[in-house]
Amino acid sequence: MKFQNPVHYVNHSVMANLRKTLTKLPHLITFEAASRNANFTRAAEELGVTRVSVSRQIADLEDTLGVRLFHRDHRTVTLTQAGRALEAEVSPALHQIASAMQNASLQAGGSRLTVTTTSAFATYWLMPRLVDFSNHYPDVELNLVVSDRKLDLLAEGIDVAIRYSKTPPPWEKVTPLLRERVFPVVSPKYQARTELSHPEDLLKENLLHLSGIYRPGARWPNWFRKTHVSPPPESSGVVMNTYINMLQAAIAGHGVALAGNPLVDPYLADGSLHKLAGFPEIERDFFYLINATENRKDARIFCDWVAEQARAPIDIQ
């Protein structure tokens with residue numbers, strides 16, 4: 001017979017079309033997240049993209065395959081029969097690829113512990129404390145990956161993550177680290193137009209607004225509604241697209257910011273910023289500590305140290 005081993009023929013045929021087929025690999029990653037969360041919005045938050053982007057990728061994948069993958073309801077999505085069949089094949093395949101990449105990364109990177117968190121948490125909380133970690137554990141080498149996108153920990157070879165989330169991330173080793181509270185802060189350099197004694201006074205002040213990826217709970221309109229005051233338009237102040245830029249503008253005296261502990265604590269401690277006395281504080285979500293390793297000693301050491309640092313009080317004047 002011409003083909004004594006049909007498996008070799010099938011593999012050759014598939015590999016010959018691999019480049020064309022895998023142009024939809026990002027769509028399959030999005031499909032996996034959407035099917036696992038049964039919600040396009042939660043998938044978008046996990047992937048660090050918009051819900052519209054998730055919806056478009058799923059629709060593009062459906063057009064390519066010529067079949068509907070999801071039943072779309074008002075708040076949730078459910079897999080069709082074809083979607084369930086695809087998910088059963090795609091999910092384990094993606095996890096196998098992620099595992100292979102992680103193993104390759106570990107072999108290339110040696111014993112270095114890879115830690116990820118957001119730019120704001122790294123800048124204002126973690127990095128100022130890393131000198132203490134290095135002094136106590138000089139043999140543990142860290143690779144800090146700073147990203148405001150929720151990375152796929154397995155695919156990116158991440159060992160430990162600190163993530164801000166409304167609910168605990170779906171990992172076995174997850175520890176609630178710190179809970180954020182947001183409140184108005186101002187620099188001594190700021191030239192106030194009012195006495196800043198009541199929430200209504202802020203309507204006459206220069207407010208620093210957050211835009212972009214930040215959820216409504218971190219923004220002024222939500223804080224004003226919680227204090228039963230009609231929020232002003234964003235045009236009444238300055239709009240910033242990163243938390244770091246907003247805090248730096250506040251420290252420079254350009255306006256009043258809505259900030260939260262623990263990230264703002266160092267500036268409250270050194271007097272660069274002041275919390276407005278008597279103004280409401282709003283509790284928000286938790287920073288969660290994730291140990292994504294099986295049983296790495298250096299990961300346990302680092303996680304124990306982070307938890308201890310989170311419990312340590314900060315002397316705020």
Side-chain angles (χ1 to χ4, degrees), residues 118-129 162-167 176-288 309-317:
T118 63
S119 57
F121 195 89
T123 301
Y124 296 122
W125 195 91
L126 183 58
M127 291 177 65
R129 292 168 167 80
I162 301 173
R163 285 187 168 169
Y164 184 69
S165 177
K166 183 177 296 185
T167 57
L177 197 61
L178 296 157
R179 188 169 193 177
E180 184 189 36
R181 291 172 294 117
V182 295
F183 40 78
V185 296
V186 67
S187 167
K189 301 176 184 178
Y190 178 67
Q191 300 296 316
R193 302 164 186 165
T194 68
E195 294 182 358
L196 291 176
S197 56
H198 302 286
E200 291 83 356
D201 290 343
L202 294 177
L203 300 175
K204 302 176 183 178
E205 301 293 343
N206 193 43
L207 301 182
L208 303 177
H209 296 270
L210 271 178
S211 66
I213 64 173
Y214 299 94
R215 297 204 301 270
R219 306 188 189 196
W220 279 115
N222 180 68
W223 185 88
F224 277 108
R225 282 191 290 268
K226 294 283 187 178
T227 56
H228 309 291
V229 177
S230 296
E234 285 190 351
S235 58
S236 65
V238 180
V239 179
M240 304 283 181
N241 66 348
T242 73
Y243 193 91
I244 292 176
N245 289 344
M246 183 193 70
L247 275 191
Q248 292 305 311
I251 291 168
H254 296 316
V256 183
L258 186 65
N261 70 312
L263 304 187
V264 78
D265 287 350
Y267 298 107
L268 298 178
D270 66 17
S272 300
L273 292 172
H274 296 309
K275 183 191 300 185
L276 294 182
F279 281 57
E281 299 180 5
I282 298 175
E283 283 193 339
R284 294 200 65 225
D285 301 339
F286 276 95
F287 291 92
Y288 288 95
Q309 291 291 315
R311 291 191 295 267
I314 292 181
D315 183 16
I316 298 177
Q317 304 297 326

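Basis for what follows: all heavy atoms, side chains included, without hydrogens, waters or symmetry-related copies. All of these numbers come straight from a predicted model, not from anything done at the bench.
A heavy-atom distance below 4.5 Å is found between the side chains of I244 and Y124. Put simply, the side chain of V264 reaches to within 4.5 Å of the side chain of F183, judged on heavy atoms. L210 has its side chain out of reach of L258: every pair of non-hydrogen atoms, C-beta onward, lies at least 4.5 Å apart.
For the residue pair A249 and M240, the shortest heavy atom distance occurs at CB-CE, 3.4 Å. Minimum interatomic distance between I251 and S187 (heavy atoms only, all atoms of both residues): O-OG, 3.1 Å. Heavy-atom minimum distance, G271 versus P188: O-CG, 3.5 Å. In this structure, P199 and P280 approach most closely via the heavy-atom pair CG-CD, 4.3 Å. Scanning both residues, P184 and L202, for their nearest heavy atoms gives CG-CD1, 4.2 Å. When every heavy atom of F224 is checked against every heavy atom of L207, the shortest pair comes out as CE1-CD1, 3.8 Å.
With hydrogens and angles disregarded, a donor-acceptor distance shorter than 3.5 Å links the side chain of Y190 to the backbone of N206. In this structure, the side chain of E205 does not engage the main chain of G255 through any donor-acceptor pair within 3.5 Å. Using modelled atom types, no side-chain atom of W125 and backbone atom of A310 make a donor-acceptor pair closer than 3.5 Å. Of the possible polar contacts, one joining the R193 side chain to the K204 backbone as a donor-acceptor pair under 3.5 Å is found. Checking side-chain atoms of R181 against main-chain N and O of G260 turns up no donor-acceptor pair under 3.5 Å. Counting only distance, with no hydrogens or angles, the side chain of D201 and the backbone of S197 share a donor-acceptor pair below 3.5 Å. In this structure, W220 contributes its side chain and L208 its backbone to a donor-acceptor pair below 3.5 Å.
Here H274 contributes atom NE2 and L196 contributes atom CG; the two are 11.5 Å apart, rounded to the nearest 0.5 Å. With values rounded to the nearest 0.5 angstrom, E281 atom CD is found 13.0 Å from T227 atom OG1. Here the CZ-OH distance, from R179 to Y164, works out to 9.0 Å after rounding to the nearest 0.5 Å. Here the NE2 atom belonging to H254 is positioned 9.0 Å from the NZ atom belonging to K189, to the nearest 0.5 angstrom. Atoms CD and OG, on E200 and S230 in that order, are 10.0 Å from each other to the nearest 0.5 Å. For the atom pair L276 CG and H198 NE2, the distance stands at 12.5 Å (nearest 0.5 Å).
The aromatic rings of F287 and F121 are tilted relative to each other, their planes meeting at an angle between 30° and 60°. Relative orientation of the F286 and Y288 rings is tilted, given thresholds of 30° and 60° on the angle between their planes.
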Step by step, work out the side chain to side chain contact (heavy atoms under 4.5 Å, CB included) result for W223 and V229.
CA-CA 9 Å; W223 185 88; V229 177; over 6 Å; no
Side chain to side chain contact (heavy atoms under 4.5 Å, CB included) between T242 and S119: does it pass, once the steps are laid out?
CA-CA 9 Å; T242 73; S119 57; over 6 Å; no
